[in-house]
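Lettering of chains follows the sequences in order, A, B, ..., and the numbering in each one begins at 1.
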Protein chains: 2
Amino acid sequence: MSVAITQHKTGRSTVAKGIRQISRASIEARILAAAESVFAESGFSGATTAEIAKRTGVPKANLHYYFKTKEDLYRQVLQGILELWLGTGDQILPEIDPAQALSHYIAAKMELARQRPLASRVFANEIIHGAPQISDFLQDELRDWVDRKAEVVDGWIAAGKMKPVDARHLFFMIWANTQTYADFAVQIAAVLGRSQLLPEDYDKAGRQLAEIVLQGCGLKMPAQWPPAE
Amino acid sequence: MSVAITQHKTGRSTVAKGIRQISRASIEARILAAAESVFAESGFSGATTAEIAKRTGVPKANLHYYFKTKEDLYRQVLQGILELWLGTGDQILPEIDPAQALSHYIAAKMELARQRPLASRVFANEIIHGAPQISDFLQDELRDWVDRKAEVVDGWIAAGKMKPVDARHLFFMIWANTQTYADFAVQIAAVLGRSQLLPEDYDKAGRQLAEIVLQGCGLKMPAQWPPAE
DNA sequence: AAAAAACTTGATCAAACGGTCAAGAATCGT
DNA sequence: ACGATTCTTGACCGTTTGATCAAGTTTTTT
């Protein structure tokens with residue numbers, strides 16, 4: 001019985017603690033989402049904690065309860081974005097067909113630009129202003145990532161599967177092109193005479209980028225576009 | 001004699017006025033240069049008039065004598081940058097060979113990224129944050145520019161001089177790739193394991209971009225790279 | 001030479017902002 | 001049930017910043 005009670009108690013408190021954790025995680029997530037949109041719109045300096053609090057729907061003091069400083073909040077927003085960055089490119093492996101791998105990567109990056117343009121803009125802003133918070137990430141994780149992927153590409157080239165190109169600049173090309181449709185969306189929309197970019201714009205951009213990149217690497221477009229999961 | 005005196009006076013005053021204008025233009029140019037670097041580093045919100053004044057070497061109050069407000073100064077910095085933007089691409093004309101025209105354009109844009117990275121960053125920052133100051137430019141001048149150039153490209157395609165590609169997305173591709181080496185220089189340098197980008201990096205990037213773009217358009221690289229003026 | 005115009009600059013101000021605090025409300029552990 | 005912990009919030013504070021001003025200096029005009 002004491003065991004039962006203890007179990008009951010333990011069960012109750014565990015559930016309660018679980019609920020509190022979920023609730024805490026939930027409000028933190030809401031703050032982070034609001035912060036991402038404000039940082040994307042205004043940059044780090046232009047963003048105000050008051051605006052982030054307002055979009056979250058909590059008083060400013062409450063926001064500072066969950067995130068000590070604005071910089072702290074900004075770092076955590078960036079953290080989530082960096083995980084997105086390295087999360088793509090899992091198909092770039094020696095045993096995969098290069099045309100398949102590259103078109104898959106391009107499609108995934110373009111999809112990210114379409115679905116998470118705010119994240120892309122926060123990232124871009126951070127880099128443009130000298131990457132004060134993420135220079136370690138760039139020099140360590142990202143550089144390693146590129147080194148590994150470049151080895152794969154070089155392997156394809158050595159095996160005669162594609163034309164010789166500089167693998168690193170190839171990645172820069174794919175990054176630049178896909179991110180430009182998130183970061184510079186207003187410019188592209190203006191030139192296209194639209195108020196905002198449409199799904200078909202991203203689709204066309206991704207397809208043409210894949211066509212030109214693959215062609216430039218001496219590869220054939222896969223029959224299916226966008227490539228299957 | 002009165003004529004001579006008058007001439008002398010007029011001469012003196014004209015020269016004096018000329019000197020004053022030159023002097024005024026000179027200090028304004030120094031302020032604009034300092035402002036460009038501060039806006040590039042910190043964005044519009046992050047930039048302070050105190051820092052701009054400090055880099056110019058004048059008291060803050062003096063800066064406000066020449067430029068009424070920070071926004072005013074920012075607009076004039078942008079103005080100069082927009083003129084750079086439209087100043088390239090003069091070789092994209094119906095009668096020019098497409099391979100020649102495109103490789104020339106790519107080289108010119110890459111050269112701009114190398115020589116005016118601050119300008120590129122100020123521009124990028126403005127666009128990322130919604131282009132509050134230059135949406136008119138994007139919708140009018142830039143859109144017209146692209147419309148005209150796209151017609152030229154479409155003409156080349158119709159004449160069978162190059163493979164059919166979407167001309168607008170082709171320009172977006174060139175812009176994205178060249179500007180990325182200015183805007184994201186710290187990221188690219190980090191991935192390449194350098195402290196900063198070297199001339200040879202820009203050179204390699206430009207050459208590979210031209211190779212891939214031209215190949216993608218079914219064109220041959222010109223014998224000479226970078227192309228002659 | 002003297003009045004007018006243009007320029008310089010230290011001091012100052014009001015607004016905005018990041019962050020704190022204390023007091024209270026809600027929830028949790030036992 | 002009740003003390004302890006966690007959370008909420010309006011009020012408040014020190015700093016930063018864009019901008020102004022007034023007093024003075026230099027240059028220009030006549």
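Taking atom CD1 of residue B:Ile31 and atom P of nucleotide D:dG18, one finds them 15 Å apart after rounding to whole Å. The distance between atom CD of B:Glu51 and atom P of D:dG18, rounded to the nearest whole Å, is 11 Å. Straight-line distance from the CD1 atom of B:Ile27 to the P atom of D:dT26: 16 Å, rounded to whole Å. Look at NE2 on B:His64: it is 5 Å from C1' on D:dA19, rounded to the nearest Å.
Contact between the side-chain N/O atoms of A:Thr48 and the OP1/OP2 oxygens of C:dC17 is not found at any separation under 4.0 Å.
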Which atom pairs, donor and acceptor, lie under 3.5 Å between side-chain atoms of residues 165-182 of chain B and protein residues at least two apart or in another chain?
from     : atom 1 : to       : atom 2 : distance (Å)
B:Asp166 : OD1    : B:Arg168 : N      : 3.0
B:Asp166 : OD1    : B:His169 : N      : 2.9
B:Asp166 : OD2    : A:Lys204 : NZ     : 3.2
B:Arg168 : NH2    : B:Asp147 : OD1    : 2.9
B:His169 : ND1    : A:Tyr181 : OH     : 2.6
B:Trp175 : NE1    : B:Tyr105 : OH     : 2.8
B:Asn177 : ND2    : B:Met173 : O      : 2.9
B:Thr178 : OG1    : B:Ile174 : O      : 2.8
B:Thr178 : OG1    : B:Trp175 : O      : 3.2
B:Tyr181 : OH     : A:His169 : ND1    : 2.6

Show every donor-acceptor pair shorter than 3.5 Å between a side-chain atom in residues 58-80 of chain A and any protein atom, with sequence neighbours excluded, or say none if there are none.
from    : atom 1 : to       : atom 2 : distance (Å)
A:His64 : ND1    : A:Lys60  : O      : 3.3
A:Thr69 : OG1    : A:Glu71  : N      : 3.4
A:Thr69 : OG1    : A:Asp72  : N      : 3.0
A:Lys70 : NZ     : A:Phe44  : O      : 2.8
A:Lys70 : NZ     : A:Ala47  : O      : 2.7
A:Glu71 : OE2    : A:Arg75  : NH1    : 2.8
A:Tyr74 : OH     : A:Glu126 : OE1    : 2.7
A:Arg75 : NH1    : A:Gln133 : OE1    : 3.2
A:Gln79 : NE2    : A:Glu83  : OE2    : 3.3

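Qualifying side-chain contact (heavy atoms from CB on, under 4.5 Å) partners for B:Glu141, counting only residues two or more places apart in sequence or in other chains: B:Leu86, B:Phe137. Applying the side chain to side chain donor-acceptor pair (under 3.5 Å) test to A:Arg55 and every residue at least two apart in sequence or in another chain returns A:Ser37, A:Glu41, A:Glu51.
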Expected rows: protein N/O vs nucleotides 9-14 of chain D N/O, under 3.5 Å:
none

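Using a 4.0 Å cut-off between charged side-chain N and carboxylate O, B:Glu111 and B:Arg114 make a salt bridge. Of the charged side-chain nitrogens involved, none lies within less than 4.0 Å of a carboxylate oxygen, so that B:Arg121 and B:Glu36 do not count as a salt-bridged pair. Using a 4.0 Å cut-off between a side-chain N of Lys or Arg and a carboxylate O of Asp or Glu, A:Asp203 and A:Arg207 qualify as a salt bridge.
At a cut-off of 3.5 Å, with distance as the only test, a side-chain donor of A:His129 or B:Asn125 sits close to an acceptor on the other residue.
Nearest nucleotide to the A:Tyr66 side chain, out of D:dC7, C:dC7, C:dG19: D:dC7.
Across all strands, B:Ala47 comes closer than 4.0 Å only to sugar-phosphate atoms, never to a base (heavy-atom distances).
A heavy atom lying under 4.0 Å from DNA chain D marks the following residues of residues 68-76 of chain B, by number: B:Thr69, B:Lys70.
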